[in-house]
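Step one of this worksheet: look at the structure below.
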Amino acid sequence: QVQLVESGGGLVQPGGSLRLSCAASGSIFTIYGMGWYRQAPGKQRKLVASITRSDNTYYVDSVQGRFTISRDNTKKTVYLQMNSLRPEDTAVYYCNGDVQGAGPRSYNYWGQGTQVTVSS
């Protein structure tokens with residue numbers, strides 16, 4: 001019913017930038033909170049940034065000032081602008097969201113993940 005499709009990952013040198021996109025598709029009635037998570041090999045998936053329906057944002061301390069989360073309601077897309085990237089930012093990045101589709105309640109959805117590698 002609802003799908004989150006991610007794009008924008010890739011290989012970048014330290015200090016470089018990437019912009020991740022997550023587009024929601026399907027029968028969407030309301031998109032509530034959205035967030036970006038990342039998971040490095042052998043480690044747990046952790047929240048990096050989130051944005052509420054009222055555009056309140058949260059960032060984990062390690063990315064504060066470097067990453068910016070935003071949303072475009074017309075395009076039904078959430079973005080993660082990543083600047084001043086560091087090798088420790090290397091991970092698979094996942095989009096997550098609470099979305100209400102055709103039914104009367106919202107459900108939590110995950111994107112497929114996109115690889116971000118920061119290396120010289």
Side-chain angles (χ1 to χ4, degrees):
Q1 294 180 348
V2 176
Q3 289 186 321
L4 303 179
V5 180
E6 304 170 14
S7 61
L11 175 64
V12 65
Q13 294 187 354
S17 299
L18 284 174
R19 190 193 193 196
L20 305 183
S21 299
C22 174
S25 62
S27 57
I28 299 173
F29 183 73
T30 305
I31 301 178
Y32 295 98
M34 300 290 292
W36 286 96
Y37 292 71
R38 67 186 182 188
Q39 186 170 22
K43 297 185 177 180
Q44 293 184 333
R45 189 175 301 182
K46 295 183 178 180
L47 177 66
V48 177
S50 63
I51 184 168
T52 69
R53 182 171 170 80
S54 59
D55 288 334
N56 291 324
T57 58
Y58 162 84
Y59 301 94
V60 69
D61 287 344
S62 60
V63 309
Q64 181 71 47
R66 300 188 297 122
F67 291 10
T68 302
I69 187 171
S70 61
R71 62 194 298 169
D72 186 325
N73 293 328
T74 301
K75 297 181 179 180
K76 300 179 181 179
T77 301
V78 62
Y79 305 94
L80 185 66
Q81 178 67 46
M82 304 184 294
N83 299 325
S84 301
L85 284 163
R86 306 166 181 171
E88 53 262 40
D89 295 320
T90 296
V92 177
Y93 284 71
Y94 296 90
C95 177
N96 175 267
D98 293 318
V99 181
Q100 182 182 5
R105 57 155 288 184
S106 65
Y107 294 88
N108 187 256
Y109 296 89
W110 288 95
Q112 80 286 355
T114 184
Q115 177 71 48
V116 172
T117 302
V118 185
S119 177
S120 59

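Each residue takes its place number in the sequence, starting with 1. Computed from a predicted model, the values in this text were never measured in an experiment.
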(request) Kindly indicate, with the supporting measurements, whether the criterion side chain to side chain contact (heavy atoms under 4.5 Å, CB included) is fulfilled by Gln81 and Ser17. (result) CA-CA 8 Å; Gln81 178 67 46; Ser17 299; 4.0 Å; yes
(message) Within the supplied structure, the quantity of interest is the number of heavy atoms (other residues, nucleotides, ligands) at a distance under 6.0 Å from Tyr58 OH; does it exceed 12?
(response) yes
(message) Membership question, hydrophobic clusters at under 4.5 Å side-chain separation (ILVMFWY): are Tyr107 and Val99 in the same one?
(response) yes
(message) Counting neighbours of CD on Gln3 that are heavy atoms of other residues, nucleotides or ligands and sit closer than 6.0 Å, is the number greater than 12?
(response) no
(message) Return the CG to OG1 distance between Asp98 and Thr30, rounded to the nearest 0.5 Å.
(response) 11.5 Å
(request) List the atom of Gly35, the atom of Ile69, and the distance in Å for their closest heavy-atom pair. (result) CA-CD1, 4.4 Å
(request) Answer yes or no: is there a side-chain heavy-atom contact under 4.5 Å between Ile31 and Val78? (result) no
(request) Go through Val118 and Met82 one step at a time and tell me if the side chain to side chain contact (heavy atoms under 4.5 Å, CB included) criterion holds. (result) CA-CA 11 Å; Val118 185; Met82 304 184 294; over 6 Å; no
(request) Answer yes or no: is there a donor N or O on one side and an acceptor on the other, between the side chain of Tyr79 and the main chain of Thr68, under 3.5 Å? (result) no
(message) Would you say that Trp110 contacts Arg45 through its side chain, given a criterion of any heavy-atom pair below 4.5 Å between the two side chains?
(response) yes
(request) Check whether any side-chain heavy atom of Gln115 lies under 4.5 Å from a side-chain heavy atom of Leu11, and answer yes or no. (result) no
(message) Using side-chain heavy atoms (C-beta onward) and a distance below 4.5 Å, is Ser25 in contact with Lys76?
(response) no
(request) Of all the heavy-atom pairs spanning Ile51 and Ser70, show the shortest one and how long it is. (result) CD1-CA, 4.1 Å
(request) Look at atom CD of Glu88 and say whether more than 12 heavy atoms of other residues, nucleotides or ligands are closer to it than 6.0 Å. (result) yes
(message) Quick check for you: to the nearest 0.5 Å, what is the distance between Gln100 atom CD and Ser27 atom OG?
(response) 10.0 Å
(request) Please report the shortest heavy-atom distance between Ala49 and Leu80, naming the atom on each side. (result) CB-CD1, 4.1 Å
(message) Quick one: does any side-chain atom of Asn96 pair with a main-chain N or O of Tyr109 as donor and acceptor, under 3.5 Å?
(response) yes
(request) Might you point out which heavy atoms bring Met34 and Cys22 nearest each other, and give the distance in Å? (result) CE-SG, 4.4 Å
(message) Using every non-hydrogen atom in the two residues, find where Arg38 and Ala91 come nearest and quote the distance to one decimal.
(response) CB-CB, 3.8 Å
(message) For a side chain to side chain contact (heavy atoms under 4.5 Å, CB included) check, start with the C-alpha distance between Trp36 and Leu20, then their side-chain angles and the critical distance, and finish with the verdict.
(response) CA-CA 9 Å; Trp36 286 96; Leu20 305 183; 3.6 Å; yes
(message) For Gln1, is the CD atom crowded, meaning more than 12 foreign heavy atoms sit under 6.0 Å from it?
(response) no
(message) Restricting to non-hydrogen atoms, name the atom on Ala24 and the atom on Leu4 that form the minimum distance, rounded to 0.1 Å.
(response) CB-CD2, 3.7 Å
(message) Assigning hydrophobic clusters by single linkage (Ile, Leu, Val, Met, Phe, Trp, Tyr; side-chain heavy-atom cutoff under 4.5 Å), is Tyr32 placed with Tyr37?
(response) no
(message) In terms of relative ring orientation, are Phe67 and Tyr93 parallel, tilted or perpendicular, with 30° and 60° separating the classes?
(response) tilted
(message) With rounding to the nearest 0.5 angstrom, report the CZ to OG1 distance, Arg71 to Thr57.
(response) 11.5 Å
(message) Under a plain distance cut-off of 3.5 Å, with no hydrogens placed, do Thr117 and Ser119 share a side-chain donor-acceptor pair?
(response) no
(message) Run Val116 and Asp89 through side chain to side chain contact (heavy atoms under 4.5 Å, CB included) and show every step you take.
(response) CA-CA 8 Å; Val116 172; Asp89 295 320; 5.5 Å; no
(request) Return yes if a side-chain donor-acceptor contact under 3.5 Å exists between Glu6 and Tyr94, otherwise no. (result) no
(message) Hydrophobic clusters here meaning ILVMFWY residues chained together by side-chain heavy-atom distances under 4.5 Å, can you tell me if Phe29 and Val2 are in one?
(response) no
